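Throughout, residue positions are numbered sequentially from 1 according to the sequence presented. What you are looking at is a predicted structure, and each value in this text was computed from that prediction instead of being measured.
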Amino acid sequence: MDNSELSNCLIGEHVVLEPLSLSHVAALSLAVMDGELWQLWFTSVPEPCAMKAYVLKALEEKARGESFPFAVRDRVSGEVVGCTRLCHWEKEHRHVEIGYTWYAKRAQRTGINTEAKLLLLTFAFESLDAIAVEFRTHWHNQASRQAIARLGAKQDGVLRNNKILKDGTIRDTVVYSIIDSEWMTVKQNLIFRLQQRPLV
């Protein structure tokens with residue numbers, strides 16, 4: 001990674017969010033195999049063979065100014081362990097969503113997600129000047145719903161029959177958000193949680 005790429009990273013104590021590029025495809029293909037994440041019927045995680053297309057689509061969204069996709073690197077191991085994205089950026093409304101987040105099984109429940117979300121939220125509220133950051137997940141994805149709630153996001157509602165998934169099932173989407181007036185309290189809580197539970 002050269003200096004120009006490094007300057008665009010979001011860097012935490014234990015996690016680095018690197019702007020997604022085709023150079024991450026091989027590492028992400030390995031990461032997704034840890035836990036066979038694409039097998040989870042209620043998520044939209046790519047299979048290893050589809051990773052290049054997944055990254056290319058994210059880069060197309062970035063080129064249109066709609067998203068900021070990142071690869072997630074564990075600073076302790078040096079490994080890429082997943083990816084995440086600020087997406088559906090509506091600059092005129094100062095509204096953005098955090099989504100397309102997945103991690104290798106070994107990185108789940110380690111605190112990596114907490115620090116990654118802290119970095120993304122800080123970027124959204126303090127660099128993009130967002131007034132609202134949204135999260136969306138499947139009604140049946142209990143782990144995701146609990147993780148979003150632990151961040152301090154509040155549930156806005158449920159969009160019934162919102163999406164038809166690739167297996168033909170229909171998804172009810174649960175929508176959460178954090179708004180700008182809540183951000184400093186949410187930030188303080190996330191920092192406190194990270195201090196209480198150091199990453200390993």
Side-chain angles (χ1 to χ4, degrees), residues 1 5-12 15-32 35 37-38 40 42-48 50-74 79-91 93-104 107-108 112-138 141 143-145 147-148 151 153 159 162-163 165-166 171 173-178 183 186 190:
M1 183 182 303
E5 290 174 316
L6 187 61
S7 67
N8 292 321
C9 291
L10 304 181
I11 302 175
V15 175
V16 178
L17 302 186
E18 302 174 359
L20 189 64
S21 72
L22 287 173
S23 67
H24 291 112
V25 170
L28 288 171
S29 298
L30 286 174
V32 81
L37 305 177
W38 66 92
L40 299 173
F42 48 75
T43 65
S44 298
V45 179
E47 296 182 44
M51 193 61 68
K52 184 176 180 180
Y54 181 84
V55 171
L56 283 171
K57 184 176 179 182
L59 295 178
E60 288 172 6
E61 291 180 4
K62 180 180 181 180
R64 293 195 298 266
E66 298 171 0
S67 72
F68 303 84
F70 296 95
V72 181
R73 188 178 298 276
D74 182 338
E79 296 178 331
V80 170
V81 295
C83 63
T84 190
R85 201 178 308 176
L86 284 164
C87 53
H88 304 132
W89 169 229
E90 298 180 56
K91 186 175 182 179
H93 300 298
R94 295 163 58 194
H95 187 281
V96 71
E97 180 182 337
I98 294 177
Y100 298 94
T101 302
W102 56 265
Y103 301 106
Q108 296 172 14
I112 281 176
N113 182 58
T114 302
E115 188 168 48
K117 290 298 192 294
L118 174 60
L119 292 170
L120 290 171
L121 287 164
T122 300
F123 181 67
F125 284 115
E126 299 179 16
S127 294
L128 297 180
D129 196 28
I131 59 172
V133 177
E134 188 175 283
F135 303 83
R136 295 184 175 214
T137 193
H138 197 299
N141 192 343
S144 177
R145 292 176 64 182
I148 292 169
L151 294 173
L159 304 177
N162 180 237
K163 290 184 181 294
L165 304 183
K166 59 186 177 183
R171 163 175 147 162
T173 298
V174 191
V175 183
Y176 299 81
S177 67
I178 297 169
W183 165 231
V186 169
L190 291 177

Validation: residues 80-91 side-chain donor-acceptor distances under 3.5 Å, sequence neighbours left out:
residue : atom : partner : partner atom : Å
Thr84   : OG1  : Thr101  : OG1          : 2.6
Arg85   : NH1  : Glu61   : OE1          : 3.2
His88   : ND1  : Glu97   : OE1          : 2.8

Subject >> Residues forming a salt bridge (charged side-chain N to carboxylate O under 4.0 Å, His left out) with Arg145, sequence neighbours excluded >> reply: none

Which distance, rounded to the nearest 0.5 Å, do you find between the [atom1] of [X] and the [atom2] of [Y]?
| X | Y | atom1 | atom2 | answer |
| --- | --- | --- | --- | --- |
| Leu28 | Leu22 | CG | CG | 10.5 Å |
| Thr122 | Trp183 | OG1 | CH2 | 3.5 Å |
| Leu120 | Ile98 | CG | CD1 | 4.5 Å |
| Glu18 | Ile11 | CD | CD1 | 9.0 Å |
| Leu119 | Leu10 | CG | CG | 5.5 Å |

If we only count heavy atoms from C-beta on, is the [X] to [Y] side-chain gap below 4.5 Å?
| X | Y | result |
| --- | --- | --- |
| Arg136 | Arg171 | yes |
| Pro46 | Trp102 | yes |
| Tyr100 | Lys57 | no |
| Ile148 | Val174 | no |
| Tyr176 | Leu151 | no |
| Ile178 | Phe125 | yes |
| His24 | Val55 | no |
| Arg73 | Cys9 | no |

Original post:
What residues, two or more places apart in sequence or in another chain, satisfy side chain to side chain contact (heavy atoms under 4.5 Å, CB included) together with Glu47?
Top reply: Trp38, Cys49

**OP:** Please assess Phe68 against Leu128 for the test side-chain contact (heavy atoms from CB on, under 4.5 Å), listing each intermediate value before the final yes or no.
**Re:** CA-CA 11 Å; Phe68 303 84; Leu128 297 180; 3.9 Å; yes

**OP:** Please report the closest heavy-atom contact between Ala124 and Val96, naming both atoms and the distance.
**Re:** CB-CG1, 4.0 Å

Original post:
Counting distance only, does the side-chain N/O of Arg94 pair as donor-acceptor with the main-chain N or O of Asp129 below 3.5 Å?
Top reply: yes

Original post:
Gln108 side chain to Tyr103 main-chain N or O, any donor-acceptor pair under 3.5 Å?
Top reply: yes

**OP:** Give the intermediate values and the outcome of side-chain contact (heavy atoms from CB on, under 4.5 Å) for residues Leu165 and His138.
**Re:** CA-CA 11 Å; Leu165 304 183; His138 197 299; 3.9 Å; yes

